[in-house]
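Reading through the structure tokens given below for one structure.
Index from 1, following the sequence. Keep in mind that what you see is a predicted model, and the values were worked out from it rather than measured.
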Amino acid sequence: MVMLLMLGLSGCGDNTPDPVYPQAPPPDHLYDQSSINDEQRWTINNAHDPAIIKTDQGYYVYSTDVKTGGELRPGVMVRKSTDLIHWNWVQYALPGIPKEAEAWSSATNLWAPDIIKMGDTYRMYYSASTFGSTRSAIGLQTSNSPEGPWKDEGLVVKTGEHDKLNAIDANPVLDAEGNPWMVYGSFFGGIYITPLDPLTGKLKESGYGKNIAARDRATEDGAVEGPYIVYNPMFRKYYLFVSYDSLFEDYNVRVARSDSITGPYVDINGHDMADISYLPQYEIGNKVLGGYRFSEGEGWVAPGHNSVLKDGADYYIVHHARGETDKSWPYLHVRKILWTAEGWPVVSPERYAGEKEQDIPKRLLSGNWERIVIRQEVDGQVEAEPLRLEDGGRATSGSLEGHWSFDGNRTLTMDWGDTSEGTKEELLLLPSWDWELGRHTLIFTGMNEKGVSIWGKRISD
């Protein structure tokens, strides 16, 4: 009775109903040795560089050929879901490495496939290469079904030992007028974009296209790869997602935007993703996803190489991440993308379990939270810090002291005063599933005025 009275007093004047939380998702079963040779149990395991497409038969994810704890089989892994939560193994798309791609690249597995539907035809682009080499190729397969069978259409583009760029990580994408393009490239020479022939799916023009993102490998680690472009008609902007840094250690996802599909792509601070003269380069691009851990439960490292699903008005980022206990196990993650008022994407700190955007009662905001700052300069994991929101609007987190306010719908604003981390944070609230603690909770995701991503979740009253 006392608790009910307290809730009633704290919610005085707040008629917003309690939020609807998602149901419990299936358990992860992380590091399950018994599943190593049982592909039917690879629901989210061994899902590296995942690319997603929605079809009238469900959602499909295509991913790089990897296998933890055993000898891999090449052929492009395919998984299927009806809800983005429960995933089932389908099959390998191909019987092995296409002969032309194998002869050119000496590849032993296929990397970073992606798929697009043009008319009645599915076009699957794949990469063939070896680590540390620019002798690479992007090939094309076509089918009338997302599950195949697939027809080999040959190579789309290839690079050699003396080329400055690397022909891998293809993302076919349509511009706002419906014209097809391909953004691709990695590490060596950066990211390029070139138009595609709508009839053949191959390059429309000779050459490699235009460079739209790069890093100076002479001054820093310099890795940039896994490009993916999505257009948001609400803001009339193209958004370029890329992955920075080391695949096993400090992989992270950056984003910038442009009025044109060919760029220039600039971040919230006006930095051009192709500018290699600006230092420090780790400041370029809004860092929306990196290694992290809350105070309890499994943490994650090296999340990256994402695709983006636009499903009606909803957006999702689909990527792989490695468990902190054993980084050799890559897992499939799906997370909701929310959008700030200024038109920037921010990523949920919890994996998708069916949550829906909805108004939040103010009475649920006061209490104990955990807060994660996705700092651009941090390599590897960032740790959560306690956050306390008090009824009167006072907020404390570590050495920070400030105030919080609420717009009455779903936006929480934090004002920390004049600090090196920024002064104000625009944070979007979402009823979510707490994967670390196995229960529902409120989360927030957003950024400060400098473009630093801020995550949080509610722990208790």
Side-chain angles (χ1 to χ4, degrees), residues 37 39 42 46-51 53 60-79 89-116 121-172 182-189 191-192 194 196-197 200-203 206-209 223 225-227 247 305 307 320 330:
N37 294 311
E39 293 163 350
W42 293 3
N46 288 325
H48 206 275
D49 311 327
I53 187 172
Y60 286 85
V61 159
Y62 303 76
S63 59
T64 289
D65 300 324
V66 295
K67 183 178 180 179
T68 299
E71 184 177 351
L72 65 84
R73 170 188 166 185
V76 177
M77 300 178 181
V78 185
R79 294 170 175 82
W89 173 265
V90 177
Q91 61 189 20
Y92 289 93
L94 307 176
I97 300 171
K99 292 182 179 179
E100 188 179 3
E102 183 178 23
W104 175 257
S105 67
S106 300
T108 57
N109 60 339
L110 296 175
W111 298 353
D114 200 1
I115 189 170
I116 191 171
T121 302
Y122 291 92
R123 294 174 177 172
M124 181 178 68
Y125 296 80
Y126 64 85
S127 303
S129 186
T130 56
F131 284 106
S133 172
T134 58
R135 191 172 180 85
S136 309
I138 294 171
L140 174 64
Q141 300 276 327
T142 59
S143 177
N144 293 324
S145 166
E147 297 188 14
W150 297 91
K151 177 185 177 183
D152 184 17
E153 303 289 355
L155 299 184
V156 177
V157 61
K158 60 184 182 180
T159 51
E161 293 88 342
H162 303 294
D163 284 312
K164 295 181 179 180
L165 73 160
N166 195 19
I168 66 171
D169 294 359
N171 165 226
M182 184 176 74
V183 58
Y184 71 103
S186 80
F187 200 69
F188 306 98
I191 306 302
Y192 287 75
T194 187
L196 295 176
D197 185 326
T200 65
K202 295 189 176 183
L203 300 192
S206 60
Y208 294 124
E225 58 188 24
L247 185 65
H305 200 121
S307 55
H320 72 255

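Here the straight-line distance linking atom CD of E71 with atom CG of N37 works out to 10.5 Å at 0.5 Å rounding. Once rounded to the nearest 0.5 Å, the distance linking CG of L203 with CG of L196 reads 6.5 Å. Remark: S186 OG to Y192 OH distance equals 11.0 Å, nearest 0.5 Å. Here the CD atom belonging to Q141 is positioned 4.5 Å from the CG atom belonging to D152, to the nearest 0.5 angstrom. Rounded to the nearest 0.5 angstrom, M77 CE and D65 CG are separated by 5.5 Å. One distance of note links CD of E153 with NZ of K202; it measures 6.5 Å at 0.5 Å rounding.
A pairwise comparison of heavy atoms in S136 and N166 identifies OG-OD1, 2.6 Å as the closest pair. The minimum heavy-atom distance between T68 and P330, with the atom names listed, is OG1-CD, 3.5 Å. Scanning all heavy atoms of the two residues, the minimum distance from V76 to P113 falls at CG1-CG, 3.7 Å. When every heavy atom of Y126 is checked against every heavy atom of L140, the shortest pair comes out as CE2-N, 3.7 Å. In plain terms, the two heavy atoms of S307 and P50 that are nearest each other are OG-O, 3.0 Å. In terms of heavy-atom proximity, G148 sits nearest to S143 at CA-OG, 3.3 Å.
Between Y122 and I53, the closest side-chain pair of non-hydrogen atoms falls below 4.5 Å. Using a 4.5 Å heavy-atom threshold, the side chains of H305 and H48 count as separate. Residues P172 and D114 form a side-chain contact, since some pair of their non-hydrogen atoms from C-beta on lies under 4.5 Å apart.
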Q | Criterion side-chain contact (heavy atoms from CB on, under 4.5 Å) on F187 and I168, from CA distance to verdict | A | CA-CA 10 Å; F187 200 69; I168 66 171; over 6 Å; no
Q.
Go through it in stages, so that I can follow the logic: the residues are V78 and Y60, the test is side-chain contact (heavy atoms from CB on, under 4.5 Å), and I'd like the CA-CA distance, side-chain angles, deciding distance and then a yes or no.
A. CA-CA 7 Å; V78 185; Y60 286 85; 3.9 Å; yes
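No donor-acceptor pair under 3.5 Å is formed between the side chain of Y208 and the backbone N or O of T194. One N or O on the side chain of T159 and one on the backbone of A167 form a donor-acceptor pair closer than 3.5 Å.
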Acceptor/donor pairs from residues 89-98 side chains to any protein atom, 3.5 angstrom cut, sequence neighbours excluded:
{"residue": "Q91", "atom": "NE2", "partner": "E147", "partner atom": "O", "Å": "2.6"}
{"residue": "Y92", "atom": "OH", "partner": "E39", "partner atom": "OE2", "Å": "3.0"}

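Residues in residues 96-116 take part in these ring pair (Phe, Tyr, Trp, His ring centres under 6.0 Å) pairs, two or more places apart or across chains: W111-F131.
With respect to S127, the side-chain contact (heavy atoms from CB on, under 4.5 Å) criterion is satisfied by exactly one of D49, I138, L110: I138.
By the side chain to side chain donor-acceptor pair (under 3.5 Å) test, E100 is found to be paired with no residue, residues two or more places apart in sequence or in another chain being considered.
In summary, the side chains of D163 and T134 do not present any donor paired with an acceptor at a separation below 3.5 Å, with no hydrogens or angles considered. Between T64 and N109, the side chains place no donor N or O within less than 3.5 Å of an acceptor N or O (distance only, hydrogens not considered). Inspection of the R79 and S63 side chains reveals an N or O donor paired with an N or O acceptor under 3.5 Å.
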